[in-house]
Enquirer: 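One structure, pasted below without further comment.
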Amino acid sequence: MKPLLEIKNLSKSFRLTSKAPGGKSVSLKAVDDISFSIFPGETLGLVGESGCGKSTTGKLVLRLIEADSGSVTFDDKEIGKLSSAQLRAERRNLQMIFQDPYSSLNPRMRVRQILAEPLQLHGLDKNGRTLQEELSHLLETVGLDASHLDRYPHQFSGGQRQRIGIARALAVKPKLIVADEPVSALDVSIQAQVINLMQDIQQQFGLTYLFIAHDLAVIEHICDRVAVMYLGRIVEIAPAEKIYGSTQHPYTEALLAAVPRPDPKRERTHQPLQGEVPSPVNPPSGCHFHPRCPYAQNICRTQSPELSEKAPKHLAACHFSHKIASQSRTDQTTSQ
Ligand code: SF4
């Protein structure tokens, strides 16, 4: 099967200039030579701590910002080579759900206008009764109803606002949705409802998702595959069951250890992540993860590991990943 979205060697840096008099300008490499694909109907989770470059990747996919190098190919079209008019037309197929349901909806617009706006932008607007029916149907699809059309965003709870954000993305019948931390601003009790809704509409409309999250627990049940990012690079990518069942990278292992489990024996084997994320302005030499990695050896400080296949369909960037992951899992099994 051909991928719907293919990212090749994508990189993006930002220039930061100190505001102090005579302050220097430095380069921050937010996304560093990443490649991955997403197949039609698939959900790929993109996970990592704040500042790892996952949201920048989402923006690059939609070309909300321009890449320095590399390519994003969507549905056989290279997004970076499209003219402004072509890009505007293609955005109908590429939509985004934002993290913050409070600031992503215009507070001065009624829900009716919020949902009709993308239809107008793409020349899909209808008049009168047909539009009313379409907007009502959209709201019903996301668990709201027609009586909500004339309300303003502030009249809704956080979960309901995110449902409106989802309805807005759905309005133009996209093929791919980039969901940038769509539940992290919501109460835990609401997160599951919104994720269930996203799964339902994925089946109903045949959607493909790039699902960005900082927490492996949030995406466990929605993703087919998971890509883990650290300081702008992908350090592991594999089918979800391999990430959660037999990770090949110490960073993923640490992220998994931070996921609360109702199993006290598992708790004792935790190896919580040590230290802060290093500055992407001046990342560590060799393997960027080495200052925090409990398994680091000399080679890790000088040589950057390639992302390579450790098992079928399971890629990781670690000099020793096989050995370390299996040893760690053996420890866990023994203690259980
Ligand atoms: Fe740890 Fe070395 Fe593997 Fe990096 S390459 S994750 S520092 S063991």
Side-chain angles (χ1 to χ4, degrees), residues 7 9-11 13 28-36 44-54 56-57 212-217 219-220 223 225-259 266 268-335:
I7 302 229
N9 307 109
L10 198 62
S11 292
S13 295
L28 182 155
K29 202 155 205 176
V31 173
D32 187 1
D33 194 20
I34 65 167
S35 302
F36 62 85
L44 179 79
L46 192 58
V47 188
E49 291 166 287
S50 296
C52 71
K54 54 193 190 303
T56 303
T57 303
I212 296 168
H214 63 268
D215 183 344
L216 273 166
I219 57 165
E220 185 167 1
C223 292
R225 284 187 303 134
V226 176
V228 180
M229 277 188 90
Y230 189 74
L231 280 187
R233 295 178 180 170
I234 289 182
V235 295
E236 186 166 14
I237 182 164
E241 68 273 14
K242 294 192 177 187
I243 291 282
Y244 292 94
S246 55
T247 174
Q248 295 275 354
H249 198 280
Y251 177 57
T252 314
E253 199 168 53
L255 289 180
L256 283 168
V259 173
R266 175 91 184 260
R268 283 203 295 273
T269 67
H270 273 192
Q271 295 189 35
L273 204 45
Q274 302 294 320
E276 297 291 318
V277 183
S279 167
V281 171
N282 187 19
S285 59
C287 173
H288 288 349
F289 188 53
H290 85 252
R292 305 170 82 191
C293 180
Y295 311 106
Q297 307 286 320
N298 283 339
I299 187 176
C300 306
R301 294 176 186 92
T302 55
Q303 286 186 30
S304 176
E306 293 290 318
L307 190 65
S308 60
E309 195 164 55
K310 307 290 184 186
K313 299 184 181 171
H314 193 157
L315 283 76
C318 175
H319 293 304
F320 313 104
S321 49
H322 268 307
K323 199 169 156 192
I324 290 164
S326 63
Q327 178 61 44
S328 166
R329 284 195 302 283
T330 306
D331 292 345
Q332 278 196 0
T333 314
T334 310
S335 75

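When a ligand or atom number is given, it counts from 1 through the structure's own listing order.
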Enquirer: If the cut-off is 4.0 Å to any non-hydrogen atom of C293, which atoms of ligand 1 fall inside it?
Expert: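 The atoms of ligand 1 under 4.0 Å from a heavy atom of C293 are 1 (Fe), 6 (S), 7 (S), 8 (S).
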Enquirer: For C318, counting its heavy atoms only, list the atoms of ligand 1 lying under 4.0 Å from any of them.
Expert: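 Heavy-atom distances to C318 below 4.0 Å select 3 (Fe), 5 (S), 6 (S), 8 (S).
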Enquirer: Sub-3.5 Å donor-acceptor pair from the side chain of K54 to the main-chain atoms of G48, do we have one?
Expert: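 Checking the backbone N and O of G48 against the side chain of K54, a donor-acceptor pair under 3.5 Å is found.
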Enquirer: Can you name the atoms of ligand 1, numbered from 1 with element, that are less than 4.0 Å from a heavy atom of F320?
Expert: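 In order of number, 8 (S).
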Enquirer: Do any heavy atoms of Q297 fall under 4.0 Å from ligand 1?
Expert: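 In this structure, Q297 fails to qualify as a contact of ligand 1 - no heavy atom is under 4.0 Å.
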Enquirer: What atoms of ligand 1 come within less than 4.0 Å of a heavy atom belonging to C287?
Expert: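 In order of numbering, the contacting atoms are 4 (Fe), 5 (S), 6 (S), 7 (S).
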Enquirer: Which of the atoms of ligand 1 are close to C300, meaning less than 4.0 Å from one of its heavy atoms?
Expert: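 Atoms satisfying the 4.0 Å criterion: 2 (Fe), 5 (S), 7 (S), 8 (S).
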Enquirer: Less than 4.5 Å apart, side chain to side chain, heavy atoms only: is that true for H319 and Q297?
Expert: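 No. Closest side-chain heavy atoms not under 4.5 Å.
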Enquirer: If the cut-off is 2.8 Å, does any N/O/S atom of H290 fall short of it from atom 4 (Fe) of ligand 1?
Expert: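 Short answer: no, not a single N, O or S atom is under the cut-off.
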Enquirer: Has the side chain of E236 got a donor or acceptor atom that lies under 3.5 Å from a matching backbone atom of Q248?
Expert: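 The answer is yes, because a donor-acceptor pair under 3.5 Å joins these two groups.
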Enquirer: Can you tell me how the ring of Y230 sits relative to the ring of F289, calling it parallel under 30°, perpendicular over 60° and tilted otherwise?
Expert: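 Ring orientation of Y230 relative to F289: perpendicular.
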Enquirer: Give a yes or no answer on whether the side chain of K29 reaches the backbone of P283 with a donor-acceptor pair at less than 3.5 Å.
Expert: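 No.
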Enquirer: Looking only at atom types and distance, does a side-chain atom of S285 sit under 3.5 Å from a main-chain N or O of T302, one as donor and one as acceptor?
Expert: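 Side chain of S285 to backbone of T302: no pair is present.
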Enquirer: Would you say atom 3 (Fe) of ligand 1 has H249 as a near neighbour, meaning an N/O/S atom of that residue under 2.8 Å away?
Expert: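 No N, O or S atom of H249 is closer than 2.8 Å to atom 3 (Fe) of ligand 1, so no.
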Enquirer: Using a 3.5 Å distance criterion without hydrogens, assess whether the side chain of H288 forms a donor-acceptor pair with backbone atoms of G232.
Expert: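 Checked: no pair found.
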Enquirer: Please could you name the atoms of ligand 1 that H319 approaches to less than 4.0 Å, counting only its heavy atoms?
Expert: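 Numbered from 1, ligand 1 contributes 3 (Fe), 5 (S).
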